[in-house]
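As structure tokens, the structure follows; a few thoughts come after it.
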Amino acid sequence: MKSYTNYKKLTTIEVIDLVKNSIGIEAVLDYYAGISLENVKGRKTKLISCIFHQERTPSLAITPLKNVFHCFGCQAKGDVITLVSLLKKVSQGRAAFIIAEDFGLLDKVKPQLKLSIKEKAIDKELERNFRQNEKELFDFLLQVKQHFQAITKSIKNERDLQRKGGLYHIMAKIEYYLDLLFNYESFSPEERIDNYILIQRFIEKEIYPIYKAVQEKEIEEVSISE
């Protein structure tokens with residue numbers, strides 16, 4: 001019987017980080033519950049019968065991309081460590097050591113593990129900060145869109161259309177960029193950065209000159225061209 005001892009002298013937090021960054025929920029389900037998601041339908045989320053309570057209709061949602069599960073029946077939810085913790089009826093810390101031992105992670109530990117975990121923590125912090133920047137950019141574009149919509153509603157004649165009609169062209173671009181920011185999960189980190197830079201340039205070159213005039217109620221004096 002395996003003892004799952006901390007023979008590598010790692011802290012519980014280090015083992016938890018190691019497991020979360022190394023093992024996918026599909027592998028954990030297969031290993032500990034004998035359930036394969038290979039033929040289960042669903043691109044982002046796969047629905048299966050819950051392994052924590054009896055049911056007739058599948059209610060356990062598995063999201064491999066985010067490495068999480070959620071049962072809409074018994075409300076069990078969490079990550080790979082929570083899943084094993086519930087199955088084995090042990091603490092999260094013990095569950096992390098069980099997974100690390102069973103998948104041979106502790107045998108692969110290098111002396112630089114603490115440094116690598118610290119680097120990953122920094123990466124996660126950078127990701128959180130970048131996500132916040134994306135949200136702020138989205139909120140700003142949404143605000144601009146609302147302002148411009150109000151202006152286009154004031155178009156009453158051909159003269160207004162000549163002076164303000166260019167906003168329709170700008171709003172189409174805004175809609176496109178809002179869609180990019182809203183569906184950020186569909187893009188790789190590199191693509192998200194490229195999108196962010198593209199949108200920033202769009203705002204600086206096309207939005208700021210017009211939006212400043214809008215805020216100062218000087219749109220009537222601004223010549224808008226496509």
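Keep in mind the model is a prediction, meaning the values are calculated, not measured.
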(request) Just jot down the side-chain hydrogen bond (donor to acceptor under 3.5 Å, both in side chains) partners of Glu185, sequence neighbours excluded, or say none. (result) Lys66
(message) With a 4.5 Å cut-off on side-chain heavy-atom distances among I, L, V, M, F, W and Y, is there a chain of contacts connecting Leu37 to Leu60?
(response) yes
(request) Give the intermediate values and the outcome of side-chain contact (heavy atoms from CB on, under 4.5 Å) for residues Phe140 and Ile207. (result) CA-CA 11 Å; Phe140 175 75; Ile207 293 295; 4.1 Å; yes
(request) Would you mind reporting whether Leu181 and Tyr177 have side-chain heavy atoms less than 4.5 Å apart? (result) no
(request) Begin from the C-alpha positions of Phe130 and Tyr196 and carry the test side-chain contact (heavy atoms from CB on, under 4.5 Å) through to its verdict. (result) CA-CA 10 Å; Phe130 182 66; Tyr196 186 84; 3.9 Å; yes
(message) Please tell me whether Leu198 and Phe182 are part of a single hydrophobic cluster in this structure, the criterion being side-chain heavy atoms less than 4.5 Å apart.
(response) yes
(request) Would you mind reporting whether Glu14 and Asp17 have side-chain heavy atoms less than 4.5 Å apart? (result) no
(request) Determine whether Leu180 and Leu142 fall in the same hydrophobic cluster, where Ile, Leu, Val, Met, Phe, Trp and Tyr are linked whenever their side-chain heavy atoms lie under 4.5 Å apart. (result) yes
(request) Would you check if the side chain of Lys205 reaches a backbone N or O of Arg201 as a donor-acceptor pair within less than 3.5 Å? (result) no
(request) Check whether any side-chain heavy atom of Asp102 lies under 4.5 Å from a side-chain heavy atom of Phe97, and answer yes or no. (result) no
(request) Answer yes when Arg131 and Glu134 have at least one side-chain N-carboxylate O distance shorter than 4.0 Å, and no when they do not. (result) yes
(message) Does either side chain, that of Asn183 or that of Asp179, offer a donor lying less than 3.5 Å from an acceptor on the other one?
(response) yes
(message) Is there a path of hydrophobic side-chain contacts, each under 4.5 Å between heavy atoms, that joins Val90 and Val84?
(response) yes
(request) Decide yes or no for Ile25 and Val68: does some side-chain heavy atom of the first lie under 4.5 Å from some side-chain heavy atom of the second? (result) no
(message) If you compare all heavy atoms of Lys44 against all heavy atoms of Pro64, which two are closest, and at what distance to 0.1 Å?
(response) O-CD, 3.5 Å
(request) Check the pair Asp79, Lys20 against side-chain contact (heavy atoms from CB on, under 4.5 Å), reporting the backbone distance first and the verdict last. (result) CA-CA 8 Å; Asp79 55 20; Lys20 286 185 176 181; 2.9 Å; yes
(message) Is any side-chain heavy atom of Ser85 closer than 4.5 Å to one of Ser91?
(response) no
(request) Indicate the atoms forming the closest heavy-atom contact of Phe72 with Ala61, along with that distance. (result) CE1-CB, 3.6 Å
(request) Measure the OH-CG distance between Tyr32 and Leu87 for me, rounded to the nearest 0.5 Å. (result) 9.5 Å
(message) Quick one, Ser59 and His53 - any side-chain contact, counting heavy atoms below 4.5 Å?
(response) yes
(message) I want to know whether Tyr184 and Phe138 have ring centres closer than 6.0 Å.
(response) no
(message) Which heavy atom of Ser186 sits nearest to which heavy atom of Glu191, and what is that distance?
(response) O-OE1, 4.5 Å
(message) Please evaluate residues Leu141 and Ile203 with respect to the criterion side-chain contact (heavy atoms from CB on, under 4.5 Å), reporting the C-alpha separation (whole Å), side-chain torsions for both, the decisive distance (0.1 Å), and the verdict.
(response) CA-CA 8 Å; Leu141 282 180; Ile203 290 174; 4.0 Å; yes
(request) Measure the shortest side-chain to side-chain distance between Glu38 and Glu26 over non-hydrogen atoms and say whether it is less than 4.5 angstrom. (result) no
(message) Check whether Asn195 reaches the backbone of Phe187 with its side chain - one donor and one acceptor, N or O, closer than 3.5 Å.
(response) no
(request) Check Val40 against Ser36 and note the closest heavy-atom contact, atom names and distance. (result) CG2-O, 3.9 Å
(message) Whether the side chain of Glu55 engages the backbone of Gly73 through a donor-acceptor N/O pair (distance < 3.5 Å, no angle test) should be reported.
(response) no
(request) State, to 0.1 Å, how close Ile16 and Ala96 come at their nearest heavy-atom pair, and which atoms those are. (result) CG1-CB, 3.6 Å
(message) Is there a continuous path of hydrophobic side-chain contacts, each under 4.5 Å between heavy atoms, that joins Tyr31 to Ile81?
(response) yes
